[in-house]
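By convention in this document, chain letters (A, B, ...) are assigned in the order of the sequence lines, proteins followed by strands, and residues within each chain are numbered from 1.
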Amino acid sequence: MSSPAKRRKKNDYNASNRPVRSLDSFFAKQKDAANGVSKSNEPKIPQKITQFQDKGSGKAHEAAMTDEELARKLQEEWNNEDLDADANNSNEASDTRETTRANGISEDIVEPSLDKPELLKTSANKNLNDNQESTPLKKHVLSLQSAAAEEDTVSANLPFDQSPLEFDPTKSISDLQKQWVSDGGNATYALLTRCFVLVNGTQSRIKIVDTLVNLLRTIIEGDPESLLPAVWLATNSISPPYIDLELGLGGSAISKALKKVCGLDNTGLKTLYNKYGDPGDVAFEAKKRQSFTLRKPKPLTIKSVFDSLIKIANSKGQGSQEVKQRIVERLVQDARGAEESRYIVRTLVQHLRIGAVKTTMLIALSRAFLLSRPSNATFPVQSRESLRMLRKESLTELYSKNEEIVKACFARHPNYNDLIPILLEIGVCDELLLRCGLSLHIPLRPMLGSITRDLGEMLTKLQGRDFSCEYKYDGQRAQVHCDDQGQVTIFSRHLELMTDKYPDLVALVPNIRGEGVSSFILEGEVVAIDHESGDLKTFQTLANRARKDVVIGSVKVNVCLFAFDLMYLNGEELLNRPFRERRELLRSLFVEIPNHFTWVKNLDATSADAEAVLEFFKSATAIKCEGIMVKVLDDLPNPDLQADVDSADNEQAQPPPTPQKTVKGAKSKRKTKSITGNTNEKDAPATSSRRKALLATYEPDKRLDSWLKVKKDYNTSADTLDLIPVAGWHGQGRKSKWWSPILLAVRNAETGTLEAVTKCMSGFTDKFYAANRAKYDPDNEEESNTLHGKPGYVEYEGGNPDVWFEPQEVWECAFADITLSPTYTAAIGLVSDERGLSLRFPRFLRVREDKGIEEASEARFLAGLWRKQEAREPRREKKVEEEDAEQEEEY
DNA sequence: GTCTTTTACCCAC
DNA sequence: ATCAGACGCATTCGG
DNA sequence: CCGAATGCGTCTGATGTGGGTAAAAGAC
């Protein structure tokens, strides 16, 4: 065994901005089974008896338990029940609980419009009555059987997965409440589930929003206290990222729970997971096949599920895994019906996959509060009818105004804990921005730059405006808050709290305040640096810093903060000031501390300065920056006046001054076409006349063309590698029908082997995936192009791919950097004896039809690229050392 | 029991 | 970080 | 003049690399 395979993932943000975690560990135990190591009598008897209608997937032996075993099992279960009751601080007696809950069940699950609610209800009640007098064990058995019977009936007659009820828009909210909020007054998890099902079943964004609005309205009017947990659950986040509340739960806990609760064995689990690529779907299938269960499910409410998550997040220390496991299993058991199981599991892995996350939720919130308010609130709401009366334009305008308010609040104060209570109190109004806006020590969501292929595209996007170019250092983005007391808080790009990671910066930051500066929020890039020489270090070096319990004395990787923006100063928001002004304040009121704090290197230019910009870009890459950021400096003086002037000139700034595009209804028929004929540039279409004006303001949480990210590897002229696909894995989620990711290798001419260099999942079209899956098809007897097991000539120890390809084609791939790898062996021995090389940000470009595998890139070539990359002198970025013959950028 | 190794999570890009 | 797909909207095109 | 086609912006989801860290599992 050599290098342990590492796994992780990250995604850009979802609602919480918390990237989605990898589920590779879903199969942690799989390997054991495959190797025959499985501790065969470990999982065994699930806590409930299961039967599978499907042959193959289930385990017959479990259904064949003897009565004795069953009794023992049940006793065990019974004991567990007590334990759990204690653990839950529940003082209800179990049987009482079950009684009340049972009523809840039929209420929740039965829809008025469905056929046999009454019948079900009575049958449930009858069973409960039967339970009344019995010995504990017997009573338990009976109750279990009753639950089983009920579940059986339910899944036979009222499956969640078939024709879930619509949120009928003609129904009043109070009708919906009756349907969805149980007698106890708490919104049920079934309500959420139903909403997820509806949302998941549509591709229409409009319908998704409508469904969410109905959900939110129901909760707002029926059970406002559940609104916050509901929003948390629906957006996969139990807290804002900067509050340390992690589930610490991944695929492995889920797969264990599924095995135990649903009686799946490794094979069944693996089969299902390979097929669906989503643990929730596995749970769904497993539950669907289960004809009955012994354990009485305890109906889930939004709050109870949320409380369970909190409990999971809060359990730490030795034995915590087991505690978490128990809660997870309990939740999975308590899920009634297949759909609820699916979404409970997806909730647990914090990956709902319903096509609605942050933005959609914010939109839905803004609309829900237009129509609904909690009973104790007094803000005005409108009726559906009054909205229907509105002209289309006015409605759009009303919607978009409210959306903008809510989005703006969340961008400045991304914390549902604060936003939701205020919304419940005052609804969506201008005051919301005051009550829930930018504050010190609360991060705002960063403004982002849109990626830009090359300088030509850059100039086009800039529409002729004056701009500033800045080095894009390869480090970590940091948002630094400092109050007048000198207390400092540092946030990462994804708003994680980084204060503890950078005690050196915390000590430094109060000292960068110049005359008259007390409190501020600024943004910059933290880069590893040699404090003596000022040489910039690589990103990999920075990543080596410890993260927790860092004390200043023990810091081994020194850093420098390169500031580039200022959003808040002495109690005043600067977001609406143009960039030139913010930058001026940043540069004049703060003091440089060489090699500790400074500003990003910059060059101001106009579209006439293409050459200087190119030089600047080159100088940036020469000191190992990723490229440059380009930012619009000024707002348009008076956008309205410009309107008529420049539609003739594509390069010119554009008219629409109003951020709300909706206002355009009036006369904006404008001179759409005009003289576009004169344009010879392909990328300046006639449509440019309706482009939005570039903003020089700081627009939190937006990715606009007023900030452009130009990186060296975006360009087609960057180095690429011609790699050979050698293996693949079953994809997850929407890619579950294909191989993804795919393992790529370089050729080693000396040894004749293929050395794995990276996995790749980006850059493939769905069409390509489909063709690829058909080409490498292990089930195709005649022409499968796959191998049984790893061929000896492939070097890869990082895991067990689901399929090995017969090497036969060459793919051209792009990447940002070459990294020294702990897992991959490509070019090992050529640059390092212990480590091979791999790629940062690999992506597929195209098939090299013209190349055979014997023409694929060689390990030696890769090593050569690595040396070239390392050869770029890390130079001081100011006070250039004199030896620079190579380039000369700014003065 | 204590120390070391491995795993599975978290986070940066 | 990366990229592709899907939707919605506005404008343009085809008949 | 209206429906279909097209272009653009926005949102969503699937998963790449390296490395740190807490807790579990293994070694003695």
Side-chain angles (χ1 to χ4, degrees), chain A residues 1 4-14 18-25 28 203-206 208 241 244 246-253 277 316-322 351 353-360 363 396 450-451 474-477 492-494 496 498 501 526 538-540 542-549 626 661 664 668-669 672-673 685-692 702-705 711 713-714 729 731-736 740-741 758-769 814-824 838-844:
Chain A
M1 349 256 79
K6 306 233 171 181
R7 44 211 112 190
R8 39 254 72 210
K9 291 357 4 178
K10 242 58 234 244
N11 167 4
D12 219 47
Y13 37 95
N14 51 27
R18 202 189 296 272
V20 174
R21 72 194 81 252
S22 160
L23 293 176
D24 291 5
S25 54
Q203 299 278 47
S204 156
R205 185 144 299 281
I206 292 170
I208 291 176
D244 185 30
E246 296 293 338
L247 289 191
L249 256 189
S252 70
K316 301 203 171 100
Q318 203 172 7
S320 59
Q321 280 306 313
E322 211 180 316
H351 193 35
R353 295 186 56 232
I354 55 172
V357 275
K358 182 196 69 189
T359 311
T360 313
I363 293 173
T396 316
S450 47
I451 71 169
D474 194 2
Q476 170 177 4
R477 188 165 178 173
S492 74
R493 199 214 104 143
H494 292 289
E496 298 288 339
M498 288 286 144
K501 182 177 170 184
V526 176
T538 63
F539 174 76
Q540 265 184 298
L542 180 69
N544 274 347
R545 264 184 80 116
R547 290 157 177 269
K548 298 208 149 179
D549 303 321
E626 302 173 276
K661 45 186 173 201
K664 52 136 289 158
S668 66
K669 271 291 121 104
T672 48
K673 46 188 59 243
T687 56
S688 73
S689 65
R690 75 177 122 84
R691 255 195 235 151
K692 264 192 272 189
K702 288 187 181 161
R703 189 186 291 278
L704 302 172
D705 280 355
K711 290 171 67 168
D713 56 295
Y714 291 163
W729 284 262
Q732 301 186 39
R734 65 177 294 274
K735 296 191 179 177
S736 60
S740 175
T758 188
K759 285 185 271 190
C760 185
M761 47 62 60
S762 194
F764 303 109
T765 62
D766 286 6
K767 217 172 172 182
F768 185 89
Y769 273 124
F815 55 91
D817 279 310
I818 299 172
T819 54
L820 263 182
S821 170
T823 47
Y824 290 94
S838 188
L839 307 180
R840 177 143 81 138
F841 311 145
R843 60 257 193 197
F844 169 83

Can you name the atoms? Protein N/O to nucleotides 7-9 of chain C N/O, anything below 3.5 Å, with the distance.
{"from": "C:dC7", "atom 1": "O3'", "to": "A:Arg205", "atom 2": "N", "distance (Å)": "3.4"}
{"from": "C:dG8", "atom 1": "OP1", "to": "A:Ser204", "atom 2": "OG", "distance (Å)": "3.2"}
{"from": "C:dG8", "atom 1": "OP1", "to": "A:Arg205", "atom 2": "N", "distance (Å)": "3.2"}
{"from": "C:dG8", "atom 1": "OP1", "to": "A:Ile206", "atom 2": "N", "distance (Å)": "3.2"}

Side chain to side chain donor-acceptor pair (under 3.5 Å) partners of A:Ser762, counting only residues at least two apart: none

Selection from D:dA14, D:dT21, C:dC3 that lies nearest to any side-chain heavy atom of A:Ile451: C:dC3

Base B:dC13 paired with A:Arg477 side chain (donor-acceptor, <3.5 Å): no

Contact nearer the 5' end of DNA chain D, comparing A:Thr360 with A:Ser821: A:Thr360

A:Thr823 side chain near D:dG18 phosphate (N/O to OP1/OP2, under 4.0 Å): yes

Test side-chain contact (heavy atoms from CB on, under 4.5 Å) applied to A:Tyr714 - qualifying residues, sequence neighbours left out: A:Ile451, A:Arg453, A:Lys709, A:Lys711, A:Arg843

Sugar-phosphate only, base, or nothing, as touched by A:Leu704 at under 4.0 Å among non-hydrogen atoms: nothing

Nucleotide C:dA1, atom P - distance to CE of A:Met761 in whole Å: 15 Å

Side-chain N or O of A:Lys735 closer than 4.0 Å to phosphate OP1/OP2 of C:dA4: no

Side-chain H-bond candidate by donor/acceptor type, A:Ser821 with A:Thr823, under 3.5 Å: yes

Euclidean distance, atom CZ of residue A:Phe844 to atom P of C:dT2 [Å, nearest integer]: 18 Å

Listed partners of A:Ser450 passing side-chain contact (heavy atoms from CB on, under 4.5 Å), at least two apart: A:Lys461, A:Arg703, A:Asp705, A:Leu708

Interatomic distance where CG belongs to A:Asn544 and C1' belongs to D:dG18 [whole Å]: 9 Å

Sub-4.5 Å side-chain heavy-atom contact between A:Leu839 and A:Thr819: no

Minimum heavy-atom distance between A:Gln540 and A:Leu820, given as atom pair plus value: NE2-O, 3.4 Å

A:Ser25 side-chain N/O to B:dC9 phosphate OP1/OP2 under 4.0 Å: yes

Residues that A:Lys316 engages under salt bridge (charged side-chain N to carboxylate O under 4.0 Å, His left out), provided they are two or more places apart: none

Using the 3.5 Å cut-off, write out each protein N or O paired with an N or O of nucleotides 22-24 of chain D and the distance between them.
{"from": "D:dA23", "atom 1": "OP1", "to": "A:Gly317", "atom 2": "N", "distance (Å)": "2.4"}
{"from": "D:dA24", "atom 1": "OP1", "to": "A:Gly319", "atom 2": "N", "distance (Å)": "3.2"}
{"from": "D:dA24", "atom 1": "OP1", "to": "A:Ser320", "atom 2": "N", "distance (Å)": "3.3"}
{"from": "D:dA24", "atom 1": "OP1", "to": "A:Gln321", "atom 2": "N", "distance (Å)": "3.0"}
{"from": "D:dA24", "atom 1": "OP2", "to": "A:Gly319", "atom 2": "N", "distance (Å)": "2.9"}

